[in-house]
Trainee: 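Structure below; questions to follow.
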Amino acid sequence: MKVLLKLILFVGMISLVGGKETSADISLQSQIDAVPAGGTLKLAAGTYQEPIVLKKPIVLTGEKGAILKVCNAKPAITIKGENVTVKGIQILSCKQDKSSAAVKISGKNHQLEDITLKIRKSGINLENVEQTNFRNIRLSGYGKGNGFELWESHHNTFEEIKIDHVQDGFYMEDSHYNTFSGNAISDSRYGLHVMFSDYITAKNNRSTRNYTGAMVMGTNYSVIADNQLLENNQNVNAQGLLLFDVHDSTINHNRISDNRVGMFIEDSSGNEITGNEIAANFIGTQMNRIEKNVIEGNAFISNVNDFQATDAANNTIQNNYWDAAMKLDTDGDGKSNLPHSADPFFLNLARETPPYQLFFQHPGMTLLQKLLKSPEHLLVTDQEPLMNNDLNNQQQPEQKQTIFWVICLAMIIVSLLLIYFGRKRN
């Protein structure tokens, strides 16, 4: 009897020890695999150092403080199949990270939201992804990879995403019908980079302090509207908005301000460029080899040079507001009876002889420009400029207005002091 009792106790101890080892060996991937389709796995706060694969319709959500930190050649998260949801997770990469992207996605109908990424290479890579939503994502990098990469991915939406210090905020190629709304990209190379992708919609985005706010190349039937492209002047070739090989698209109600070149358009046709505020850029707009575009109702304010165009044919340029224009309205229709021409004389001269830039706005250069006017085919002429700027977004920020008045007041005080002390010496 005693022998039998000892045998039972011995077997029980072995089972207990074995059970504890099994529990300790349960990996995060095993927990994910155990969740049934349609189920939810909630990650407790803590750091998980295991790459995971989600390939069935489940919800993976994290408590505050749930962190994935993977330091190997695999992405922290790989998503496949359909109807996968990931939210509330922080993803960190490390110096030893050799993966091409922190998150790799394929399939369709996924949902990613409330995610924070700190990356050393690329952030989220989409390949053959459709009808997937990305919302409220914060992504910060070290300038070595793109924030989002889209390859042959269609009908996806990107909303309320903040990206900084990456190569391109959003890079897409052969990806159609994608929508970008309410996103902010800063301190990167290109904010939005579109390549050979049609029916793109970019609205209410903010792109600041990049080399180029938005570079749109090889696209048709796209909409670039209500965006703010500001302070993109970190490079000698910087632009607020670059349109190359863009056709039959709509570019309207954007605020393009404080860039080196506000808007550069080349090899493009059939576009409607209307209602944009182009302000305080070194060059407001440059155009080359364009035709059949409508440029109407825009406001050109405080640019060093408003407009330059070469090889431009059959474009409709009318009813824009030019703060540098001489205006006279004899019939009260709100349009000036005096045509306004933008002469690229100085820009052409400086391009041929760069040191001439030192004489910008010199009285002698201004006189020379009037005497040696550019040929007619280089002039951009608005036959009926607007008398007033009716755009709602043309007001300067309060801070800039304050600075302006402080400078004016300082100049007045200095002038009065000079007059006072000058008289006193006499």
Side-chain angles (χ1 to χ4, degrees), residues 191 207 210-217 222 224-233 235-247 249-325 339-348 350-351 360 369 374 377-386 389 391 393-394:
S207 185
N210 305 296
Y211 287 177
T212 296
M215 177 176 282
V216 184
M217 305 178 68
S222 292
I224 312 295
D226 301 302
N227 302 289
Q228 296 189 60
L229 307 170
L230 314 175
E231 301 177 18
N232 298 290
N233 48 29
N235 184 278
V236 294
N237 297 314
Q239 302 114 357
L241 174 62
L242 186 150
L243 305 173
F244 180 83
D245 190 24
V246 175
H247 306 279
S249 296
T250 300
I251 297 91
N252 62 15
H253 300 296
N254 300 287
R255 183 176 175 225
I256 305 173
S257 178
D258 297 282
N259 307 285
R260 186 183 180 278
V261 176
M263 183 162 50
F264 183 89
I265 308 173
E266 188 169 29
D267 289 331
S268 299
S269 66
N271 302 297
E272 292 188 4
I273 304 170
T274 59
N276 301 287
E277 180 191 279
I278 303 167
N281 306 284
F282 179 70
I283 302 173
T285 298
Q286 283 184 302
M287 296 186 172
N288 187 30
R289 297 191 301 272
I290 65 168
E291 63 178 358
K292 299 179 181 179
N293 299 281
V294 175
I295 304 169
E296 185 174 359
N298 305 286
F300 294 86
I301 308 167
S302 302
N303 300 292
V304 173
N305 191 291
D306 281 329
F307 214 105
Q308 181 185 28
T310 56
D311 296 329
N314 302 317
N315 298 288
T316 301
I317 303 175
Q318 65 183 16
N319 304 148
N320 300 285
Y321 176 80
W322 312 81
D323 66 343
H340 174 69
S341 295
D343 191 344
F345 172 83
F346 177 78
L347 290 175
N348 288 330
R351 183 172 57 186
F360 175 71
Q369 178 172 327
S374 297
H377 72 279
L378 294 180
L379 299 179
V380 174
T381 301
D382 188 332
Q383 295 296 335
E384 294 184 309
L386 295 178
N389 180 11
L391 296 180
N393 60 345
Q394 49 85 22

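These figures come from a predicted structure and were not determined experimentally.
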Trainee: For the CG atom of Asp306 and the CD atom of Gln286, what is their distance to the nearest 0.5 Å?
Mentor: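 Atom-to-atom, Asp306:CG and Gln286:CD are 12.5 Å apart.
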Trainee: For residues Asn315 and Lys292, report the shortest heavy-atom separation together with the two atoms involved.
Mentor: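 Scanning both residues completely, I find the closest heavy atoms to be OD1-N, 3.2 Å.
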Trainee: For the atom pair CZ (Phe307) and CE (Met263), what is the distance rounded to the nearest 0.5 Å?
Mentor: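 Rounded to the nearest 0.5 Å, the CZ-CE separation comes to 7.0 Å.
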Trainee: Give the intermediate values and the outcome of side-chain contact (heavy atoms from CB on, under 4.5 Å) for residues Asn389 and Ile301.
Mentor: CA-CA 9 Å; Asn389 180 11; Ile301 308 167; 3.2 Å; yes
Trainee: Ignoring hydrogens and angles, tell me if any N or O in the side chain of Ser249 forms a donor-acceptor pair with the backbone of Ser222 under 3.5 Å.
Mentor: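 Checked: pair present.
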Trainee: For the residue pair Asn210 and Ser207, what are the closest heavy atoms and their distance?
Mentor: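 Heavy atoms only, the tightest pair is ND2-OG, 2.8 Å.
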Trainee: If I take atom CG from residue Asn259 and atom CD from residue Glu231, how far apart are they, to the nearest 0.5 angstrom?
Mentor: 8.5 Å
Trainee: Would you find a donor on one side and an acceptor on the other, under 3.5 Å apart, between the side chain of Gln383 and the backbone of Thr381?
Mentor: no
Trainee: Check whether Asn254 reaches the backbone of Asn227 with its side chain - one donor and one acceptor, N or O, closer than 3.5 Å.
Mentor: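 Pair found, side chain donor or acceptor close to backbone of Asn227.
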Trainee: Under a 3.5 Å cutoff, is there a donor and acceptor pairing between the side chains of Glu384 and Gln318?
Mentor: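 No, because no side-chain N or O of Glu384 sits under 3.5 Å from a partner of the opposite role on Gln318.
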Trainee: Side chain of Arg260, backbone of Val236: donor and acceptor closer than 3.5 Å?
Mentor: yes
Trainee: Once rounded to the nearest 0.5 Å, what's the spacing between atom NE2 of His340 and atom CG of Leu386?
Mentor: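 Rounded to the nearest 0.5 Å, the NE2-CG separation comes out at 12.0 Å.
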Trainee: Check the pair Phe244 / Met215 against side-chain contact (heavy atoms from CB on, under 4.5 Å), numbers first and verdict last.
Mentor: CA-CA 8 Å; Phe244 180 83; Met215 177 176 282; over 6 Å; no
Trainee: Hydrogens and angles aside, do Asn314 and Glu291 bring a side-chain donor and acceptor to less than 3.5 Å of each other?
Mentor: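 Note: Asn314 and Glu291 side chains miss the donor-acceptor criterion.
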Trainee: If I compare all heavy atoms of Ser268 with all of Asp245, which pair ends up nearest, and what's the gap?
Mentor: OG-N, 3.5 Å
Trainee: Please find the pair of heavy atoms, one from Ile265 and one from Ile273, that lie closest to each other, and give the distance.
Mentor: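 Between these two residues, the closest heavy atoms are CD1-CD1, 3.4 Å.
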Trainee: Pairing donors with acceptors under 3.5 angstrom, does anything connect the side chains of Glu296 and Thr274?
Mentor: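 No, because no side-chain N or O of Glu296 sits under 3.5 Å from a partner of the opposite role on Thr274.
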Trainee: Could you pull out the closest heavy-atom pair between Asn320 and Ile295, with the gap in Å?
Mentor: ND2-O, 3.1 Å
Trainee: Rounded to the nearest 0.5 Å, how far apart are CG of Leu243 and CE of Met217?
Mentor: 10.5 Å
Trainee: When you measure from the side chain of Asn233 to the backbone of Asp258, do you find a donor-acceptor pair of N or O atoms at a distance under 3.5 Å?
Mentor: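 Indeed, once roles are kept as given, a pair shorter than 3.5 Å links the two residues.
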Trainee: Under the side-chain contact (heavy atoms from CB on, under 4.5 Å) rule, what do Thr285 and Phe300 come out as? Steps first, then yes or no, please.
Mentor: CA-CA 9 Å; Thr285 298; Phe300 294 86; 3.5 Å; yes
Trainee: Report the distance from atom CG of Asn298 to atom OH of Tyr321, rounding to the nearest 0.5 Å.
Mentor: 13.5 Å
Trainee: Any sub-3.5 Å donor-acceptor pair from Ser257's side-chain atoms to Ala279's backbone N or O?
Mentor: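 Between the backbone of Ala279 and the side chain of Ser257 there is a qualifying donor-acceptor contact (under 3.5 Å).
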Trainee: Testing the basics here: between Ile251 and Asn276, what is the closest heavy-atom pair and its distance to 0.1 Å?
Mentor: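 Heavy-atom minimum between the residues: O-ND2, 3.0 Å.
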Trainee: Ignoring hydrogens and geometry beyond distance, is a side-chain donor-acceptor pair present between Trp322 and Asp382 at under 3.5 Å?
Mentor: yes
Trainee: Using the side chain to side chain donor-acceptor pair (under 3.5 Å) rule, pick out the option among Asn232, Asn303, Asn305 that qualifies with Asn281.
Mentor: Asn303
